[in-house]
Amino acid sequence: MADDLDPLEQHLLERLRALAPPAGAAAGLPEAPALWRAQVDSRLCDHAARWLQARQLGYYTIGSAGHESNAAVALALRPTDPALLHYRSGGFYLARAGQAGHDGVDDILLGMVAAAEEPIAGGRHKVFGHPALAVVPQTSTIASHLPRAVGTALAIDRARRLGVDCPWPDEAVVVCSFGDASVNHAAAQAALNTAAHCAHQRLPLPLLLVCEDNGLGISVPSPEGWVESALRARPQLRVERAEGDDTASVLAVARELAGWVRERRRPAVLHLHTVRYLSHAGADVETAYRSAAAIRADYDRDPILATARLLVGARAASGAELAADYLAARGRIRERALAATRRRRLESAEEVMRPLAPRTPAAVARLAGARAWPPGEPLTLAQALNLGLADVLERHPETLLFGEDVAVKGGVYGVTRGLHARFGAGRVFDTLLDETSILGLALGAAISGFVPLPEIQYLAYLHNAEDQLRGEAATLQFFSQGRFRNGMVVRVAGYGYQRGFGGHFHNDDAVGVLRDIPGLVIASPSRPEDAGPLLRTCVAAAKADGSVCVFLEPIALYHTRDLHEEGDGGWTGRPGEEHVPVGEARTHLDGGDLTIATWANGLRLSLRAARRLAAQGVRVRVVDLRWLAPLPLDHVLREAAATGRLLVVDETRRTGGVSEGILAGLVDAGFDGRVARVASRDSFVPLGPAAELVLVSEVEVEAATLALVRG
């Protein structure tokens, strides 16, 4: 197989054979043999990926060639330090696998060919990850994993202080690698800023960020000095530089920096200068944007060649022996790559989706339990939520409640009032004003023994950080076959209908961005009786199943007391004692003329309209969905069949709103009754009374009902 060597390999072998030991005394690096093995095997896996692709046998070619100096970073750390790795950190992964006596080569090859037996993602993606190696799998290409790394580092010392069982050792350092072009991404900037913010406050944050800088973002060069300037722009972060073609120096700098982080519990950045070989990926033709001379000039900066000099310098091997070892390993890895192509692949949609959203209702019921509340005055929704939050914080000592203004102030609407004083600053605390960092903290805390309850102050603000849910939280179980989980409950104040506090920043009805995230659970209480039970269920699902839950709270109903007339108290109530299983709706009224399916503000609109309709001889039943994902379609279908008519009252937008999912589900189920919907317009919510022009109204509910019933 040596007859198909590419120019990079030919150059490396020529230089290896030319190496000669120094005339003086031998000086070696004890770690050099382990580095050589990890670096060479990582390079050969990358060559094997291109070789497989050329034969239409492989599916992933983004490699680590040129970045193999990151293997020295692995050896500078402990194998129990949690690692969130850049997709070019193959040398790191194999060096850590070597520390643990694990065969990491097979992991990589099986990932390239999408084999179902690949041990972390099971053929769903090619990732670096393994629980036994403390490597958390990442599929990010744009540094969206950095906020999670910050959250993980912040959680370690907090877990120790709070007595929470954390999977990471008390003295662990979190290491997170990323590329130079990604330093420009908003998620990376959020993470760097939050790390500096924590360091400024002297909060323990044992985090080592590793910027693997090859000077290119696919085809676009990073401007000279820009990455260095961007990394050093925050004086709270210690930044050290290392050259990837000086193996001994990389190891020394990384070891000193890791020790500093471990001892000081402060964040630092290793700016690791590398080269990139074999182009960005198999489909990328590097000669289209780089000259052949520039590509060849990088060959002399090969980190493998640097490690070989150490071995030859220590007289541990000759250059010819190292070249022979490279070729022998090349043959072995090609044979193993071919063997990997014969392994089983995923065979059904069910198998693909199995780790996506596991459901164990019995376990959730046991954890959620029942709550016997003492007698008391009827509560508003906000008061019931406050009581429910206190209940879960008391029941589950690993829960954390955090966000903007949630601690001393008690939230913009008073929902978290008193919880900071009762449960302490370690468990109820304010964050900086950045939704990406809030969710990143939740992501990191959730893999570190906690069940986080982050608050996003308004639904409109969630869109700033949506990828932390879509690309990070929701994918973790899927790409780790459930071996890593980040169960959490993200509280979001949302929807419209606020009076005196309007505008689209504070009235947002766009939930389509949430409903199309696979596996995400969305709960939305409208009545005080349901607030605590739904919350208990979500926390239990996060613990039992690793569910990522979004808890949508209707702002306009927080302090509402009355339903029909002033002083009737029809929108207050006592918290329910039993939990509400995921996906279980609730029916109000028992009319036989028409069924209304709705939730949140739509429930109140529909119940008010139902009273006026009854005066006209039309009696309806109203289904409160309570869950927007998974939708309780069986319940809706059953109630719709009882009347033969269904009206969906959808306070979200007509396009992309919840009603589309309900009506499509009824069609799929073969419902043959009459259906209609009323929904808010495809508009942002304007300020003041103009909001009433685009939000669904009671008048529309009444008119649509009469049209359906009377034909």
Would you check if the side chain of [X] reaches a backbone N or O of [Y] as a donor-acceptor pair within less than 3.5 Å?
X: S547; Y: G487; value: no
X: R485; Y: A544; value: yes
X: S606; Y: L603; value: no
X: N486; Y: L443; value: no
X: E553; Y: P525; value: no
X: D562; Y: G567; value: yes
X: D593; Y: T643; value: no
X: T560; Y: A556; value: yes
X: R536; Y: G388; value: no
X: D509; Y: Y495; value: no

Is [X] salt-bridged to [Y], going by a charged N under 4.0 Å from an acidic O?
X: D530; Y: R586; result: yes
X: E566; Y: R561; result: no
X: K543; Y: E398; result: yes
X: R470; Y: D516; result: yes
X: E377; Y: R574; result: no
X: D624; Y: R527; result: no
X: R677; Y: E700; result: no
X: R371; Y: E577; result: no
X: D391; Y: R395; result: yes

Should we say atom [atom1] of [X] is surrounded by more than 12 heavy atoms from elsewhere, each under 6.0 Å from it?
X: F684; atom1: CZ; value: no
X: D682; atom1: CG; value: yes
X: E350; atom1: CD; value: no
X: D668; atom1: CG; value: yes

Rounded to the nearest 0.5 Å, how far does [atom2] of [Y] lie from [atom1] of [X]?
X: T655; Y: E660; atom1: OG1; atom2: CD; value: 6.0 Å
X: S448; Y: D165; atom1: OG; atom2: CG; value: 11.0 Å
X: N601; Y: Y497; atom1: CG; atom2: OH; value: 6.0 Å
X: E118; Y: R344; atom1: CD; atom2: CZ; value: 12.5 Å
X: I120; Y: F484; atom1: CD1; atom2: CZ; value: 5.5 Å
X: E529; Y: L381; atom1: CD; atom2: CG; value: 9.5 Å

Residue pair [X] / [Y]: nearest heavy atoms and the distance that separates them:
X: P533; Y: G576; value: CG-O, 3.4 Å
X: L367; Y: H396; value: O-CE1, 4.1 Å
X: L552; Y: S524; value: O-OG, 3.1 Å
X: I447; Y: P167; value: O-CG, 3.3 Å
X: E404; Y: E455; value: O-OE2, 4.0 Å
X: P355; Y: G482; value: CB-N, 4.1 Å

Could you check whether [Y] and [X], counting side-chain N and O atoms only, form a donor-acceptor pair closer than 3.5 Å?
X: Q616; Y: E702; value: yes
X: H145; Y: R148; value: no
X: E639; Y: T587; value: yes
X: S680; Y: E651; value: no

Contacts of Y558 that satisfy ring pair (Phe, Tyr, Trp, His ring centres under 6.0 Å) - sequence neighbours left out: Y413
Side-chain contact test, heavy atoms from C-beta onward, threshold under 4.5 Å: evaluate it for [X] versus [Y] and give yes or no.
X: T705; Y: R645; value: no
X: E435; Y: H463; value: no
X: L625; Y: I662; value: yes
X: E565; Y: D568; value: yes
X: L514; Y: L462; value: yes
X: L589; Y: R619; value: no
X: W571; Y: R604; value: yes
X: F671; Y: V675; value: yes

Derivation of the side chain to side chain contact (heavy atoms under 4.5 Å, CB included) call for F551 and V521: CA-CA 8 Å; F551 202 76; V521 173; over 6 Å; no
Intermediate values then yes/no, salt bridge (Lys or Arg N to Asp or Glu O under 4.0 Å), R653 and D508: CA-CA 10 Å; R653 297 172 187 165; D508 187 7; 3.6 Å; yes
Ring-face cation contact, W599 with R626, 6.0 Å cut, 45° max: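 No - R626 does not lie over the ring of W599 by the 6.0 Å and 45° rule.
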Sequence-distant partners of R345, side-chain hydrogen bond (donor to acceptor under 3.5 Å, both in side chains), two or more places apart: Y59
Side chain to side chain contact (heavy atoms under 4.5 Å, CB included) assessment of Q481 paired with R354: CA-CA 8 Å; Q481 302 182 88; R354 188 171 296 141; over 6 Å; no
Partner of N386 under side-chain contact (heavy atoms from CB on, under 4.5 Å), chosen from T380, L379, L419: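 With N386 as partner, T380, L379, L419 yield a single side-chain contact (heavy atoms from CB on, under 4.5 Å), made by L419.
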Passing candidate, side-chain contact (heavy atoms from CB on, under 4.5 Å) with L594, options L613, L646, L647: L647
Working for side chain to side chain contact (heavy atoms under 4.5 Å, CB included), residues L520 and V550: CA-CA 7 Å; L520 194 72; V550 174; 3.9 Å; yes
